[in-house]
Amino acid sequence: MLDSKLHEYDAVIVGAGGAGLMAALYASTGGARVAVVSKLYPTRSHTGAALGGIGAALGNLEEDDPLWHAYDTVKGGDYLTDQNAAQVLAENAVDAVVELEHMGLPFDRTSAGRISQRRFGGHTRNFGESPVRRACHSADRTGHMILQTLYQQCIKQEVAFFDEFYVVDLVMNGETVGGCVALELGSGDWHIFHAKATLFATGGWGRVWSFTSNAHSLTGDGAALPLRRGLPLQDMEFYQFHPTGLYGLGVLLTEGIRGEGGVLLNGQGERFMERYAPTIKDLASRDVVSRAIYLELRDGKGVRGRDYVHLDVRPSTVNRHLAEAGEERRIDEAYIIQNLAETLDTCRTYVGVDPLKEPMPVRPTAHYAMGGIPTNLCAEVTRDAAHTVVPGFFAAGEVACVSCHGANRLGTNSLVDLIVFGRLGGKRIAEVCAGSDLPPIAKDAAAEAQAAFAQLRASQGNSRPGELRQRLQETMMQNVGVFRTAETMQQALDELAELRDRYEKDLHIDDRGQRFNSDVMEAWELGCLLDLAEATARSALARRESRGAHSREDFPERDDQNWLVHSLISRDGDQLTLRHDKAVDFSLWEEEKARGIAEDEQHFKPRPRVY
Ligand SMILES: Cc1cc2nc3c(=O)[nH]c(=O)nc-3n(C[C@H](O)[C@H](O)[C@H](O)COP(=O)(O)OP(=O)(O)OC[C@H]3O[C@@H](n4cnc5c(N)ncnc54)[C@H](O)[C@@H]3O)c2cc1C
């Protein structure tokens with residue numbers, strides 16, 4: 001056994017994005033001694049890339065109500081959303097946003113000095129009647145502002161930060177979590193964080209797919225670790241593809257562009273969303289718009305015969321459509337420059353397109369994990385359909401699945417999720433820590449992880465991690481993407497099995513050193529990607545219906561009779577096993593009503609594959 005440094009805290013928070021920082025802030029103001037462990041420098045977390053806004057029914061520009069927000073969240077989630085979670089999300093969003101404002105977050109303002117709000121996909125007034133301005137924003141760099149604001153607050157609160165530390169294992173004592181094991185990038189030293197409460201806020205796993213909006217670091221480590229320790233992951237089949245990734249790169253172009261009046265056009269210059277969602281058009285929910293783009297591309301209606309469509313936010317186009325819709329509002333170049341500054345910069349820098357003068361080339365990009373570590377409303381991790389709590393273990397943010405997003409997340413609801421459930425988790429941690437002692441843990445808690453790394457570092461086969469990762473991403477993009485069939489998913493699973501075999505027996509590592517060994521760390525992250533890709537494909541293959549982001553061409557209908565239920569996948573030895581016995585919460589609207597209101601334009605069937 002190698003030496004490892006032991007740190008004792010009341011609470012250890014893994015991840016320094018919005019969820020981790022909010023949880024750290026609340027746990028520490030509640031009296032707990034808190035450490036935040038993060039593989040990135042905190043302000044590099046992906047939350048900083050969030051653009052368009054954070055949803056809250058403030059009603060600053062148009063009448064709004066948290067209940068309408070909850071309804072949109074349930075409907076957007078294709079009824080798999082736990083309604084109690086949607087209610088908590090929507091109700092808490094209002095004062096969470098005001099709290100951020102009071103912490104100093106520089107939101108954009110209305111002329112009356114209140115927080116400005118813009119439209120976003122699926123945000124409606126009065127239960128779907130018409131679009132509403134609900135997204136609070138700070139230009140198109142809202143996430144950046146949230147992250148900076150929360151980081152400052154944590155520093156003020158004297159939270160201890162361990163930056164560029166990779167958490168590589170959970171410390172468990174029977175069923176209880178007693179902390180985590182981390183590897184320090186700069187030195188290669190081992191650390192054990194022993195704590196009464198451990199909260200995972202490690203973000204998503206967009207890097208499972210080849211075309212993604214997600215940062216390089218989003219490899220889902222925090223979801224893979226509990227899976228390896230026998231805990232379940234929930235609803236893994238539901239992964240969101242955002243309709244507007246910048247062609248060729250996957251970099252995200254915010255839904256705020258369409259919120260400001262931007263429209264999608266196919267290669268024939270047609271505003272095709274009018275055919276797919278006649279009422280809400282370009283602002284239909286993301287799964288609907290992503291599928292529509294795919295279908296246009298399949299019909300050969302891409303721009304110049306290529307696999308992208310156009311997103312047009314030129315003032316002349318926007319004003320024409322606003323006039324057609326009978327709206328009084330008009331925009332000009334100065335308005336776009338002020339409200340979509342990041343978008344202009346991204347397009348000009350990366351693809352040489354100036355959105356003020358020409359339309360932007362876009363196609364769907366892998367974006368957001370609705371599934372993850374199951375939790376209750378206080379961010380406590382649960383292990384089964386009966387919501388049994390795993391003592392000492394918490395999760396919040398994208399890695400968690402409190403199921404406020406169901407089968408498909410609405411735009412701006414992730415930032416709300418981070419703030420609301422990060423805060424509730426932090427509060428609960430403070431309570432738990434006040435009334436308990438450190439749980440006993442084994443002295444050699446790091447031994448298993450150390451052995452695994454020793455093996456990884458010594459790998460002398462022929463397969464380079466980069467090559468295996470690329471194949472994994474390509475097969476997932478092609479076979480477990482926007483549209484899926486049993487055949488394609490099985491093909492992905494077969495390829496994943498082969499890649500895992502090569503990963504375990506034939507890996508090649510160049511750098512065997514201890515300090516800043518990113519070669520080994522990326523190889524380790526690849527192991528997490530493999531686990532998550534398999535969990536996703538297996539969960540998707542088992543769900544024989546189409547719902548939200550999970551769209552099967554061989555089962556194109558939503559099947560509420562058999563599948564209005566969560567899935568739980570867990571590892572049993574070498575096998576992944578699935579259960580479908582966890583009920584959806586229907587405490588706001590009864591099941592029958594939820595089913596009835598779903599039968600509208602938003603739920604259209606994918607057409608059969610034509611190639
Ligand atoms: C380009 C883009 C734009 C977006 N725009 C919006 C938007 O406008 N509105 C909205 O609501 N949502 C948006 N989203 C989604 C939203 O930003 C994310 O879901 C959210 O920020 C995730 O936050 P998080 O706190 O869960 O994790 P992240 O912010 O991703 O942070 C993860 C943290 O975990 C740490 N970590 C990970 N693995 C380890 C490990 N093994 N050991 C130690 N630390 C680890 C990382 O260092 C990091 O600090 C956007 C997402 C993207 C990619």
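Read the numbers this way: they start at 1 and go in the same order the structure lists the ligands and their atoms.
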Note to self: My understanding is that only residues two or more places apart in sequence, or in another chain, count here; which of them pass ring-ring contact (aromatic ring centres under 6.0 Å, His included) with Phe162?
What the structure shows: His7, Phe165, Phe193
Next item on the list: Please report the C-alpha distance between Ile429 and Leu199 in whole Å, then the side-chain angles of each, then the deciding distance to 0.1 Å, and finally whether the side-chain contact (heavy atoms from CB on, under 4.5 Å) criterion is met.
Entry: CA-CA 9 Å; Ile429 284 176; Leu199 181 137; 3.8 Å; yes
Item checked: Contact residues of ligand 1, where a non-hydrogen atom lies under 4.0 Å away -> Val14, Gly15, Ala16, Gly17, Gly18, Ala19, Val37, Ser38, Lys39, Leu40, Ser45, His46, Thr47, Ala49, Ala50, Leu51, Gly52, Gly53, Phe165, Tyr166, Val167, Ala201, Thr202, Gly203, Ser213, Asn214, Leu218, Asp221, Leu252, His367, Tyr368, Gly397, Glu398, Arg409, Thr412, Asn413, Ser414, Leu415, Leu418
Notebook entry, point to check: side-chain hydrogen bond (donor to acceptor under 3.5 Å, both in side chains): which pairs involve residues 9-24, sequence neighbours left out?
Noted result: Asp10-Lys196
Checklist line | Any side-chain donor near an acceptor of the partner, Asp82 and His566, under 3.5 Å | finding: yes
Next item on the list: Answer yes or no on whether Arg409 is positioned over the face of Tyr368, meaning its NZ or CZ is under 6.0 Å from the six-membered ring centre and within 45° of the axis.
Entry: yes
Margin query: Can you list everything that forms a ring-ring contact (aromatic ring centres under 6.0 Å, His included) with Phe421? Sequence neighbours excluded, please.
Written below: none
